[in-house]
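Residue numbering restarts at 1 for every chain, and letters A, B, ... go by the order of the sequence lines. Values reported hereafter were calculated over all heavy atoms of this structure, with side chains retained and with hydrogens, waters and symmetry mates removed.
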Number of protein chains: 2
Amino acid sequence: MDHAEAEARLLDAAEELFYARGVQAVGMDQVREASGVSLKRLYQVFPSKSELVRACLDRRDGRWRARLAAHVEACPAGRERVLAVYDWLYEWFTEPDFRGCAFINAYGELGAVDPAVADAVRAHKRAFHDYLAGLVAAAGGPEHVVAPLVLLAEGAMTAAAISGSPEPARQARLGADQLLAAS
Amino acid sequence: MDHAEAEARLLDAAEELFYARGVQAVGMDQVREASGVSLKRLYQVFPSKSELVRACLDRRDGRWRARLAAHVEACPAGRERVLAVYDWLYEWFTEPDFRGCAFINAYGELGAVDPAVADAVRAHKRAFHDYLAGLVAAAGGPEHVVAPLVLLAEGAMTAAAISGSPEPARQARLGADQLLAAS
DNA sequence: CCGTAGCGAGAACGACCGTTCTCGCGCAAC
DNA sequence: GTTGCGCGAGAACGGTCGTTCTCGCTACGG
């Protein structure tokens with residue numbers, strides 16, 4: 001097993017565990033056990049837990065936005081692409097291991113204590129905002145609806161996590177539909 | 001110092017510390033130091049940390065909703081009362097120690113690990129939803145806008161926390177205004 | 001075939017955490 | 001005045017965590 005594979009297995013295991021149980025509730029030994037990578041090598045690849053956390057967030061950010069974009073871009077251009085965001089949220093919320101937005105969770109747990117985590121969360125949210133702004137602009141929608149559309153999506157993530165239901169995605173979509181129609 | 005005062009001082013100190021730094025980042029000894037209540041009495045009043053956490057959430061729930069209601073009910077009845085919710089959010093977000101919704105934070109940190117926390121968070125969010133639904137009904141608004149209005153508020157809380165700006169409250173208010181107008 | 005460099009498994013270490021225990025003191029009841 | 005109970009201060013305990021170290025083993029270069 002070379003460096004690259006060890007890194008991938010560590011990120012796979014750590015991301016899943018951190019997301020499912022929270023960062024502080026997962027020990028490095030559990031990451032070792034789930035990944036099959038020895039502790040020694042773990043610390044060669046990620047010199048500390050907080051760097052592992054950071055790497056997990058970075059990778060998740062890329063994958064999450066790529067999945068969203070893939071779904072959106074399969075829809076006809078224009079207004080429908082904005083609404084497709086909420087359809088994708090519904091699919092995400094329905095996944096069996098869904099436990100809310102990993103970035104919001106990480107911010108609540110570590111944002112006050114680990115500035116690198118706070119930075120990663122801010123970057124992720126800014127990227128999502130910018131992406132949605134691009135979709136709205138392409139659809140010819142007014143700029144001032146972008147922020148409420150983002151808040152609907154953000155609120156849907158936390159509401160879906162807390163309630164355990166994917167329904168907030170539908171409700172957010174309805175709200176987004178009205179906001180776009182009214183403009 | 002009697003039992004009641006010890007309890008109040010413990011809740012004051014614990015709530016502030018947990019909110020500012022996260023629950024797991026605060027040790028019982030720091031609660032003792034900040035409250036001036038001895039460790040022995042702390043454990044007489046709250047037999048475990050998770051019961052202390054639970055009591056903090058319960059008390060915060062009551063106070064938070066009372067503050068919101070006090071602000072809302074000082075406004076003229078009807079539509080303005082719904083929008084007053086977002087004005088109050090702005091005031092809240094502007095407080096110097098604002099760090100997001102304590103319930104969302106607690107859910108992200110402990111929801112997967114402590115079912116009592118998850119229950120308290122769900123109860124708080126359900127109460128907020130019901131309160132907003134009552135305001136919308138009193139304003140003659142249609143029931144189907146309630147859920148998006150809740151999502152706007154929820155999204156504003158997390159966006160304000162992560163961005164460090166109170167602006168999401170304004171944006172949520174604009175979105176809510178449009179939703180109410182379009183119905 | 002020998003030396004050595006790197007590896008995995010797991011023990012070890014130091015710090016901290018939640019919780020309980022000890023001990024000395026003040027005070028209230030008889 | 002004595003006795004005993006409740007208190008605060010802080011030590012102690014058992015466990016866990018992040019991180020490092022030890023120690024055989026393996027595999028490869030000369």
Original post:
Nearest-Å distance, CZ (B:R41) to P (C:dC21)?
Top reply: 19 Å
Original post:
What is the nucleic acid contact for A:Q44, judged by heavy atoms within less than 4.0 Å: base, sugar-phosphate only, or nothing?
Top reply: sugar-phosphate
**OP:** Could you state the atom-to-atom distance from CD of A:E33 to C1' of C:dG10 in whole Å?
**Re:** 13 Å
Subject >> Heavy-atom pair with the smallest gap, counting every atom of B:A6 and B:R41 >> reply: CB-CD, 3.7 Å
Subject >> Derivation and outcome, side chain to side chain contact (heavy atoms under 4.5 Å, CB included), residues A:D12 and A:R59 >> reply: CA-CA 10 Å; A:D12 286 345; A:R59 199 182 64 153; 2.9 Å; yes
Original post:
Is the distance between the ring centroids of A:F128 and A:W64 less than 6.0 Å?
Top reply: yes
Original post:
To the nearest 0.5 Å, how far apart are CZ in A:F98 and OH in A:Y19?
Top reply: 5.0 Å
**OP:** Take the protein atom NZ of A:K40 and the nucleotide atom P of C:dA12, then report the distance between them rounded to whole Å.
**Re:** 17 Å
Subject >> CG on A:L149 to CG on A:L135, rounded to 0.5 Å >> reply: 10.0 Å
**OP:** Give the rounded distance in Å between these two atoms: CZ of A:F46 and P of D:dT20.
**Re:** 16 Å
Which atom pairs link the protein and nucleotides 16-19 of chain D when you take only N or O atoms and keep those under 3.5 Å?
from, atom 1, to, atom 2, distance (Å)
D:dG18, OP1, A:K49, NZ, 2.2
D:dG18, OP2, A:M28, N, 2.7
D:dT19, OP2, A:Y43, OH, 3.0
D:dT19, OP2, A:K49, N, 2.9

Subject >> Atom-to-atom span, CZ of A:R32 to P of C:dG10 - whole angstrom >> reply: 8 Å
Subject >> B:L52 CG to C:dT19 C1', straight-line distance once rounded to whole Å >> reply: 14 Å
**OP:** Could you tell me the separation between the CG atom of B:D2 and the P atom of D:dC7, rounded to a whole number of Å?
**Re:** 11 Å
Original post:
Which whole-number value in Å describes the distance from B:L42 CG to D:dA9 P?
Top reply: 13 Å
Original post:
Looking at CD1 of B:I104 and OH of A:Y107, how far apart are the two atoms once the value is rounded to the nearest 0.5 Å?
Top reply: 12.5 Å
